[in-house]
Protein chains: 2
Amino acid sequence: MSLTLADAIERHILALLQECGQADLQRVVLARQYDCAPSQINYVLATRFTPERGFVTVSRRGGGGYIRIVRSGQPELPRLAAALRQSGTGVAQAEAAAIVARCGASGWLTEREARMLTDMLHRDVLDLPLPQRDLLRARLLAVALLSASQGR
Amino acid sequence: MSLTLADAIERHILALLQECGQADLQRVVLARQYDCAPSQINYVLATRFTPERGFVTVSRRGGGGYIRIVRSGQPELPRLAAALRQSGTGVAQAEAAAIVARCGASGWLTEREARMLTDMLHRDVLDLPLPQRDLLRARLLAVALLSASQGR
DNA sequence: GGGCTTTTGACCTTCCCTGACCTATTATAG
DNA sequence: CTATAATAGGTCAGGGAAGGTCAAAAGCCC
C-alpha cells in the first residue's frame with residue numbers, strides 16, 4: 001500500500017541493519033536524502049525502532065555526531081526462562097499468572113500472548129495431580145518465554 | 001432482487017479478492033466511488049467480511065492509511081477449538097504443528113505466537129505417557145486458539 | 001405498525017509530518 | 001584557559017490525513 005515517508009525510512013534503516021547488523025547514520029544527511037524535516041528521523045526511530053520491538057539507539061550530538069541503531073536481543077525473557085528451568089521446582093497458577101502479567105505490562109509479551117499463556121496454564125487445562133501439574137506449568141512457561149524471545 | 005449499495009460494494013470487494021487474493025482499498029476513495037458515507041464501507045465490512053465468514057481485515061489510520069481484506073480459507077479459530085474439544089480425541093505433535101502453521105500462514109496467529117505454540121506442544125515439554133500426552137496437547141491447543149480469538 | 005436491514009452524520013482515535021525551540025559536543029578566537 | 005561560535009541531535013505541540021464508532025434516520029418487508 002501507499003508507502004509513507006516513515007515507511008520508506010524504516011526500510012532504509014532496516015536494510016542497513018541487514019547489511020552490517022548495525023546502522024550508523026547522520027540525521028541531517030538522511031533527512032536531506034528523503035527531503036524531510038530532521039525530526040522526521042526521530043519520529044521513525046520513536047515509532048519503529050523501539051526497545052519493545054527489539055532495538056536500541058545511541059547517539060551523540062555536536063560535531064561528528066551520529067545515530068546508531070542496533071538490534072537488541074531481549075535478555076529479560078531468556079533470563080526468566082533460565083531461572084524457571086534452573087530452579088527445577090514447579091510454578092503455581094497464581095505465580096505463573098503474575099509472571100506473565102509482568103511480561104505483558106513491560107511489553108515483552110503482547111496482550112494477546114499474555115492472555116493465551118494465562119489461559120493455557122490454568123489448572124483445569126493442565127489437569128494433572130499436584131506435584132506434576134506445577135512442574136509441567138514451569139516447563140511450558142519456560143519454553144514459551146524462550147520461544148517468544150527468539151527474534152521478531 | 002434489489003441490489004443494495006452494500007451488496008454492490010460487497011461484490012466490488014469480492015472481485016478485488018478474486019483477482020489478487022487480497023483487497024487493498026482506501027475508505028474515502030471507495031466511498032466516493034459509490035457516492036456514500038465512508039462509514040458505509042465499515043458497515044459492509046462488519047456485516048459481510050467477518051471472521052465468521054472467513055475474512056480478516058487489517059487497517060491503518062492516519063496519512064497513507066488503508067484497509068486490507070484477506071480471505072483466510074482456514075477454519076475460524078473458535079470453530080477449530082470447538083472441533084478439537086468435541087472430538088475428545090488427542091492431537092499428535094505433527095498434527096498440532098500443522099494446525100498451528102496453517103493458522104499462522106492465514107494470519108490468525110502471528111508468527112511469534114505460532115512459534116510459541118509449536119514449541120510448547122513439543123512432546124519433550126509435555127512429557128507424559130502417550131494417551132494422556134496427546135489429550136493434554138489437544139486441550140492446550142483448543143484453549144490457546146480460543147484465547148487468541150478473543151479480540152485483539 | 002413492527003421489526004428487520006441499510007445508510008448517514010457527528011464525533012473520536014490514531015498516525016504522519018513539520019517547525020520552533022532546546023541541549024550537548026566540538027572547534028576556535030582571544 | 002575561557003568564552004563564543006559552529007555543529008549536530010532531541011523534544012514537543014500542533015495541523016492535517018486517514019480510519020473507527022455509534023446512534024439515529026431512512027427503507028423495506030411482512
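Letters go in sequence order (proteins before strands), and every chain restarts at 1.
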Visitor: Would you mind reading off the distance between A:Asn42 atom CG and C:dG19 atom C1', rounded to a whole angstrom?
Guide: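 Going from A:Asn42 (CG) to C:dG19 (C1'), I get 13 Å.
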
Visitor: Side chain of B:Arg61 only, please: which of C:dC16, C:dT7, C:dT14 is the nearest?
Guide: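 Comparing C:dC16, C:dT7, C:dT14 against the side chain of B:Arg61, the answer is C:dT14.
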
Visitor: Looking only at side-chain atoms of B:Ile67, point me to the closest of C:dT7, C:dC17, D:dG19.
Guide: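 In terms of side-chain proximity for B:Ile67, the closest of C:dT7, C:dC17, D:dG19 is D:dG19.
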
Visitor: Please work out if B:Gly62 contacts a base, only the sugar-phosphate, or nothing of the nucleic acid, heavy-atom cut-off 4.0 Å.
Guide: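 Touches a base.
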
Visitor: Does any pair with a residue in residues 19-32 of chain A pass salt bridge (charged side-chain N to carboxylate O under 4.0 Å, His left out), and if so which ones, sequence neighbours excluded?
Guide: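 Pairs touching residues 19-32 of chain A that pass the test: A:Asp24-A:Arg68.
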
Visitor: May I ask you to check whether over 12 heavy atoms, not counting those of A:Asp124, lie within 6.0 Å of atom CG?
Guide: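 Correct, the count exceeds 12.
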
Visitor: Using a cut-off of strictly less than 4.0 Å between a heavy atom of the residue and any atom of DNA chain D, enumerate the qualifying residues of residues 16-29 of chain A by number.
Guide: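 Within residues 16-29 of chain A, the residues near DNA chain D are A:Gln26, A:Arg27, A:Val28.
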
Visitor: Identify, between B:Tyr43 and B:Ser39, the residue whose nearest nucleotide on DNA chain C lies closer to the 5' end.
Guide: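 Upstream on the strand: B:Tyr43.
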
Visitor: Could you work out the complete set of other residues in the hydrophobic cluster of A:Val70, with links drawn between I, L, V, M, F, W and Y side chains under 4.5 Å apart?
Guide: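 A:Val70 clusters with A:Val56.
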
Visitor: B:Arg60 CZ to D:dG20 C1': how many Å, rounded?
Guide: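 Checked: the CZ to C1' distance equals 16 Å.
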
Visitor: Report which part of the nucleic acid A:Arg48 touches: base, sugar-phosphate, or nothing (heavy-atom distance under 4.0 Å, all strands).
Guide: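 A:Arg48: backbone/sugar contact only, no base atoms under 4.0 Å.
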
Visitor: What is the distance, rounded to the nearest whole Å, between atom CG of B:Leu3 and atom P of C:dT7?
Guide: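 To the nearest whole Å, that distance equals 10 Å.
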
